[in-house]
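Because the structure is predicted, anything quoted here is derived from the model rather than measured. Numbers here simply count residues along the sequence, with the first being 1. In listed order, ligands and their atoms are each counted from 1.
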Amino acid sequence: MSRLVMKFGGTSVADIDRIRNVARHVKREIDAGHEVAVVVSAMAGTTNQLVKWCTEAAPLHDTREYDVVVASGEQVTAGLLAITLQGMGVAARSWQGWQIPVLTSDVHGSARIVEIDGTKLINRFRDHSEVAVICGFQGIHEETGRITTLGRGGSDTSAVAIAAAIGADRCDIYTDVDGVYTTDPRVVSRARRLDRIAFEEMLELASLGAKVLQVRSVELGMVHNVRIFVRSSFDKPEDIDPHGVPPGTLICNEEEIVEQQVVTGIAFSKDEAQISIRRVEDKPGVAAAIFGPLAEAGINVDMIVQNVSGDGATTDLTFTVPAADYVRAGDVLATSRAKIGYERLDGATDVAKVSVIGIGMRSHAGVAAGAFRALADRGINIRAITTSEIKFSLLIDAAYTELAVRTLHSLYGLDKS
Ligand code: ADP
Ligand code: ASP
Ligand code: MG
């Protein structure tokens, strides 16, 4: 007998038929003799609608109330799945984040899980032989007792955290694709499914735009050594061989990957904005004067490019921020203008960041150079570059995103044959 966490995303629970399909997947594991905790997302589109209503009610709203609203989607699907399972003769009970409880920080809208005590769930497996159907995405702040949410895509994180708390043998992430691909299979039809990917690479892919797993879930998996398996919820439960290995991708330690490629995958994000500060004074303390106030405003700065000053007096400084923070970042810089000392601010939101990821880059030189040539050959201009040990990222015009991703995908031999 194993103990499993099965997580189902929004598309997988989008209507009653799909919830019934999910229930059959759960029953399949119960019939195989496993203890199961299920984590569900809200129905596809629900969270977007709830977010939209909050913004319509007031563009700048209290994030504690935002959490009250957006956490509600998961309550519906958890209840419906429990009802469906019970209807199939499978003992099941739903649990909201506060009932577990999933204790989090008080950063409403993107809270971090602080602690989950899995004892109650484990005892109930023993005493009631019942499936726990848990609302993903939700938590509670211990001191205030207020409901929190874990940021968009946060059900993945709920699932991995629950898996760690109950010592699950595996955390299966059921979604609308049958695994992690070399890049988004909806954009590049020649993307290949990976049988395995290392935690470090998945962390980069997720944080650089591949939304198949929330970044924090990969971090938790890495720290607590949870085996995460990404697979499709659309496979027919009755077609799955209980003794075979289904199609999917295992997120695992680097050592478990036999054949390591130089490049494993390509991620992209259009949720970026570029800000250039022109003719900023080239003197000690300027970077602190620029990035200090942005950090205080909670704005995440990513790619930073600063020219060496030509005249020894002024220089240009370019960096990226999340598109959602673009206007606020401009405001913050305008307010600090006297302190920083610059001529003008330029900006662009029609930019995209394309990133190439692979642990093999640690031991191979010149990987990025090939990309610069290939993009130049297609007339794609690179606005900024950043590199780290296992990835490099390029900022380009958003209009060329798909072309750039496809070009690099072929260049690094990732296309399926
Ligand atoms: P869920 O609702 O199940 O949580 P998401 O929409 O959050 O599903 O994530 C799955 C989606 O992630 C896929 O439909 C796919 O378009 C996208 N995606 C982006 N990059 C990748 C990738 N490298 N591999 C697989 N899917 C990816
Ligand atoms: N329902 C939430 C969202 O859409 C959480 C999740 O699906 O993981 O972001
Ligand atoms: Mg998701």
SB check [X] [Y] (cutoff 4.0 Å):
X	Y	answer
D178	R193	yes
R124	E35	no
D377	R373	yes
D176	R186	yes

Any non-hydrogen atom of [X] lying under 4.0 Å from ligand 2?
X	answer
G153	yes
Q214	no
G136	no

Check for me whether R337 meets the cation-pi criterion with Y342, that is, NZ or CZ under 6.0 Å from the six-membered ring centre and within 45 degrees of the ring axis. yes

Pick, from M43, E74, K7, R152, the option with the minimum heavy-atom distance to atom 4 (O) of ligand 2. R152

Do the non-hydrogen side-chain atoms of D271 and K353 ever get within less than 4.5 Å of each other? no

Do R383 and V351 come close enough that some side-chain heavy atom pair is under 4.5 Å? yes

May I ask you to check if ligand 2 and T47 share an N or O to N or O distance below 3.5 Å? yes

Give me the one residue out of R227, K7, R231 that meets side chain to side chain donor-acceptor pair (under 3.5 Å) with D172. R231

So how far is it from R192 CZ to D415 CG, rounded to the nearest 0.5 Å? 8.5 Å

One finds that the ligand 2 atoms under 4.0 Å from a non-hydrogen atom of S41 are 6 (C), 7 (O), 8 (O)

Which protein non-hydrogen atom lies closest to atom 6 (C) of ligand 2, naming both residue and atom, and how far is it? S155 OG, 3.3 Å

For ligand 1, what are the residues with a heavy-atom contact below 4.0 Å? K7, G9, G10, T175, D176, V177, G179, V180, Y181, T183, D184, P185, R186, A210, K211, V212

